[in-house]
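One is the number of the first residue; the rest follow in order along the sequence. Values in this document were obtained by computation on a predicted structure and should not be read as measured data.
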Amino acid sequence: DLPFEDNSFDAIFAIEASCHAPKVEDMYAEAYRVLRPGGKFAVYEWVTTDKYDHENPEHRGIIEAINLGNGLPEMRRRVDIGEKARSVGFDVVMEKDLVDDAEIPWWNPLKRGRISFWVTHLTCKFLEFIRWAPKGTVGVSSLLMRTAKDLSDAGECGIFTPMYYYVFQKPLKA
């Protein structure tokens, strides 16, 4: 629970945060509680796109790996976010995948950085070997390298976006 009175704020935002909530509707309900009637809640979300097919083992494997590598309970579908917001009383006044406006695909730096990822990984191996880095450092490095690949694969095939933007509004007569 947020330590604020009901109807305290005109606007709230969450950037790449609610994807970590086990029950996003609980987070949305709390935002709804502290917003004044007419207040807006802007959310920048990680979601699967309409191209994601849960029955496709490759798609499912990529998304499960992203969940693991980023500490997410479960990736939500784009359509679920609006439904969850409506379920707590919000109106969805805007939604847009900002990937559509990007000049450079968001996953490009992850692909271009693969050489530097390997240099970092080898450095971690060396530092762990000489005991300047704690045991487990190489494992974390491996997980992060894998996650970067899964994120870029998901971006390239269009099944995931880290740039989905929503604006929810608490009705004036709430």
Report task. Would you name the heavy atoms of Trp106 and Pro162 that are closest together and state the gap between them? Result -> CE2-CD, 3.3 Å

Query - Quiz item: cation-pi between Lys84 and Tyr28, 6.0 Å / 45° - result: no

**Report entry** Intermediate values then yes/no, side-chain contact (heavy atoms from CB on, under 4.5 Å), Leu122 and Phe126
**Finding:** CA-CA 6 Å; Leu122 293 173; Phe126 174 72; over 6 Å; no

Requested in this report: Using the side-chain hydrogen bond (donor to acceptor under 3.5 Å, both in side chains) rule, collect all pairs that involve residues 124-145, keeping only residues at least two apart or in two chains.
Outcome: His121-Ser141

**Report entry** Heavy-atom side-chain proximity of Tyr52 to Arg60 below 4.5 angstrom
**Finding:** yes

Query raised in the report: Side chains of Asn7 and Glu5: closer than 4.5 Å at any heavy-atom pair?
Result: no

Query raised in the report: If only atom types and distance count, is the side chain of Ser8 paired as donor or acceptor with the main-chain N or O of Val34 below 3.5 Å?
Result: no

Query raised in the report: Any Lys/Arg nitrogen of Glu95 or Arg78 sitting under 4.0 Å from an Asp/Glu carboxylate oxygen of the other?
Result: yes

Query raised in the report: Taking the side chain from Gln169 and the backbone from Val93, do they hold a donor-acceptor pair closer than 3.5 Å?
Result: no

Query raised in the report: Would you say Val43 and Val99 are hydrophobically clustered, going by side-chain heavy atoms of ILVMFWY under 4.5 Å?
Result: no

Requested in this report: Using the side-chain contact (heavy atoms from CB on, under 4.5 Å) rule, take Arg86 and Asp91 through it: C-alpha gap first, then chi angles, then the decisive distance, then the call.
Outcome: CA-CA 6 Å; Arg86 284 184 199 90; Asp91 293 326; over 6 Å; no

**Report entry** Residue pair Trp46, Asn67: steps toward the side-chain contact (heavy atoms from CB on, under 4.5 Å) verdict
**Finding:** CA-CA 10 Å; Trp46 283 30; Asn67 289 340; over 6 Å; no

**Report entry** Validation row, ring centre Phe160 to ring centre Trp107 under 6.0 Å
**Finding:** no

Requested in this report: Would you check if Thr48 and Ile159 make a side-chain contact, meaning some heavy-atom pair closer than 4.5 Å?
Outcome: no

Query raised in the report: Between Ile66 and Ala154, which heavy-atom pair has the shortest distance, and what is it?
Result: CD1-CB, 3.7 Å

Query raised in the report: side-chain contact (heavy atoms from CB on, under 4.5 Å) between Asp101 and Lys96: does it pass, once the steps are laid out?
Result: CA-CA 10 Å; Asp101 297 335; Lys96 179 175 180 52; 2.9 Å; yes

Query - Donor-acceptor under 3.5 Å (Asn70 side chain, Leu72 main chain) - result: no

Report task. Check Met27 against Ala14 and note the closest heavy-atom contact, atom names and distance. Result -> CE-CB, 3.7 Å

Query raised in the report: Any side-chain heavy atom of Tyr164 within less than 4.5 Å of one from Thr49?
Result: no

Query - Asp53 backbone acceptor or donor facing His59 side chain under 3.5 Å - result: yes

Query raised in the report: Tell me, do Ile115 and Phe117 make a side-chain contact under 4.5 Å, heavy atoms counted?
Result: no

Query raised in the report: Would a hydrophobic clustering, with Ile, Leu, Val, Met, Phe, Trp and Tyr connected at side-chain separations under 4.5 Å, put Phe13 with Tyr165?
Result: yes

Requested in this report: Measure from the side-chain N and O atoms of Lys40 to the backbone N and O of Ala11, and report whether any donor-acceptor pair falls under 3.5 Å.
Outcome: no

Query raised in the report: Do other residues, nucleotides or ligands put more than 12 heavy atoms under 6.0 Å from Lys51 NZ?
Result: no

Query - Residues in salt bridge (charged side-chain N to carboxylate O under 4.0 Å, His left out) contact with Arg76, at least two apart in sequence or another chain - result: none

Query raised in the report: Between Arg33 (side chain) and Asp1 (backbone), is there a donor-acceptor pair under 3.5 Å?
Result: no

Query raised in the report: Taking the side chain as C-beta and beyond, is there a heavy-atom pair between Tyr32 and Leu35 under 4.5 Å?
Result: no

Report task. Say whether Val88 and Phe41 are linked into one hydrophobic cluster, either directly or through other cluster members, by side-chain heavy-atom distances under 4.5 angstrom. Result -> yes

Query raised in the report: Are Met163 and Met94 joined in one hydrophobic group, where the rule is that I, L, V, M, F, W and Y side chains link up if heavy atoms are under 4.5 Å apart?
Result: yes

Query raised in the report: What are the two closest non-hydrogen atoms of Cys19 and Pro73, and how far apart are they?
Result: O-CD, 3.3 Å

Query raised in the report: In terms of hydrophobic clustering (I, L, V, M, F, W, Y; side-chain heavy atoms under 4.5 Å; direct or indirect links), are Val119 and Leu143 co-clustered?
Result: no

